[in-house]
Amino acid sequence: VQLVESGGGSVQAGGSLTLSCAISGLTYKRNTLAWFRQVPGQAREGVAAYYSALVTASTSIADPVQGRFDVSLDKANNTLYLRMNSLKPEDTGMYFCAAVEKDVGTKLLRLRPSSYTFWGQGTQVTVS
């Protein structure tokens, strides 16, 4: 399984960015995908998750970004997106894409790093 993030960069507060995660190699038909972020010296924080099954899907958004961030999946292109609006300096960090081949269940578990098996290398987002 390979996850490759892109779309990071520098943006002014109040601006928007869309991150992409190109996914390959997942074989199971029920997958939980997620975005995490991390600032040096701090724990990795769950931002948004997307549960994808054959005919159903659901999302979980972390409280600090609720109403500003949105997660979506383009199944045809195997790409997970994180749309970030009204960005704040505290949104600065390295953003990682993660995946696991099962339904991890609750929002709490979906936003927990230990729930995931596969990780990308990250893309940096800087808000000033």
Side-chain angles (χ1 to χ4, degrees):
V1 175
Q2 188 174 21
L3 307 173
V4 180
E5 302 94 336
S6 62
S10 296
V11 63
Q12 290 189 337
S16 299
L17 276 177
T18 297
L19 305 183
S20 301
C21 175
I23 303 166
S24 60
L26 284 178
T27 57
Y28 196 56
K29 298 303 181 183
R30 296 181 181 180
N31 300 297
T32 307
L33 312 168
W35 288 98
F36 291 81
R37 65 187 181 190
Q38 189 169 25
V39 176
Q42 297 185 18
R44 195 164 290 190
E45 174 190 27
V47 174
Y50 190 104
Y51 169 64
S52 173
L54 286 176
V55 294
T56 62
S58 62
T59 61
S60 300
I61 307 296
D63 290 347
V65 301
Q66 185 74 46
R68 300 189 297 119
F69 289 15
D70 185 45
V71 61
S72 61
L73 177 66
D74 181 344
K75 285 190 174 182
N77 292 303
N78 293 319
T79 302
L80 183 73
Y81 297 98
L82 181 68
R83 175 67 179 175
M84 305 184 293
N85 298 314
S86 302
L87 283 161
K88 304 175 181 181
E90 51 264 42
D91 294 319
T92 293
M94 185 70 77
Y95 282 69
F96 298 90
C97 178
V100 62
E101 292 178 317
K102 65 178 180 180
D103 178 6
V104 300
T106 65
K107 175 179 177 178
L108 180 65
L109 291 174
R110 288 179 179 180
L111 298 178
R112 181 177 292 175
S114 60
S115 296
Y116 293 86
T117 306
F118 307 107
W119 291 87
Q121 294 301 306
T123 185
Q124 178 68 35
V125 172
T126 302
V127 185
S128 59

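Hydrogens, waters and symmetry mates are skipped; everything else that's a heavy atom, side chains included, is used. Along the sequence shown, residues are numbered consecutively beginning with 1.
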Visitor: Is there side-chain contact between D103 and R110, with heavy atoms separated by less than 4.5 Å?
Guide: yes
Visitor: Between Y51 and V104, is there a side-chain heavy-atom distance shorter than 4.5 Å?
Guide: no
Visitor: Rounded to the nearest 0.5 Å, how far apart are CD of Q12 and CG of L87?
Guide: 11.5 Å
Visitor: Hey, what do you get for CZ (F69) to CD1 (I61), rounding to the nearest 0.5 Å?
Guide: 9.5 Å
Visitor: Return the minimal non-hydrogen interatomic distance between A62 and G46, and the atom names on each side.
Guide: CB-O, 3.3 Å
Visitor: Once rounded to the nearest 0.5 Å, what's the spacing between atom OH of Y50 and atom CG of N31?
Guide: 11.5 Å
Visitor: Could you state the interatomic distance from OH (Y95) to CZ (F36), rounded to the nearest 0.5 Å?
Guide: 13.0 Å
Visitor: Looking at every heavy atom in both G93 and Q124, which two are closest together, and how far apart are they?
Guide: O-NE2, 3.4 Å
Visitor: For E90, look at atom CD and say whether over 12 heavy atoms of other residues, nucleotides or ligands are found less than 6.0 Å away.
Guide: yes
Visitor: In this structure, would F118 and I23 fall into the same cluster of hydrophobic residues linked by side-chain contacts under 4.5 Å?
Guide: yes
Visitor: Which pair of heavy atoms, one from L82 and one from A48, lies closest together, and at what distance?
Guide: CD1-CB, 4.0 Å
Visitor: Is a donor on one side and an acceptor on the other found under 3.5 Å between the side chain of T92 and the backbone of V127?
Guide: yes
Visitor: For K29, does the NZ atom have more than 12 heavy-atom neighbours from other residues, nucleotides or ligands under 6.0 Å away?
Guide: no
Visitor: Is there a path from W35 to Y81 through hydrophobic residues (I, L, V, M, F, W, Y) whose side chains come within less than 4.5 Å of each other?
Guide: no
Visitor: Let me check something: do L3 and V71 share a hydrophobic cluster, defined by ILVMFWY side-chain heavy atoms less than 4.5 Å apart, either directly or through other members?
Guide: yes
Visitor: About how many Å separate CD of Q121 and OG of S6, when rounded to the nearest 0.5 Å?
Guide: 13.5 Å
Visitor: Quick one: closest heavy-atom pair of D91 and S86, and the distance?
Guide: OD2-O, 4.4 Å
Visitor: With a 4.5 Å cut-off on side-chain heavy atoms, are Y116 and R44 touching?
Guide: no
Visitor: Transitively linked via ILVMFWY side-chain contacts under 4.5 Å: L80 with F96?
Guide: no
Visitor: Taking all non-hydrogen atoms of both residues, which atom of E5 and which atom of C97 are closest, and how far apart?
Guide: OE2-N, 2.7 Å
Visitor: First locate atom CE of M94, then atom OG1 of T123, and finally report the distance between them rounded to the nearest 0.5 Å.
Guide: 7.5 Å
Visitor: Check whether any side-chain heavy atom of M84 lies under 4.5 Å from a side-chain heavy atom of V65, and answer yes or no.
Guide: no
Visitor: If I compare all heavy atoms of G25 with all of E101, which pair ends up nearest, and what's the gap?
Guide: O-OE2, 4.3 Å
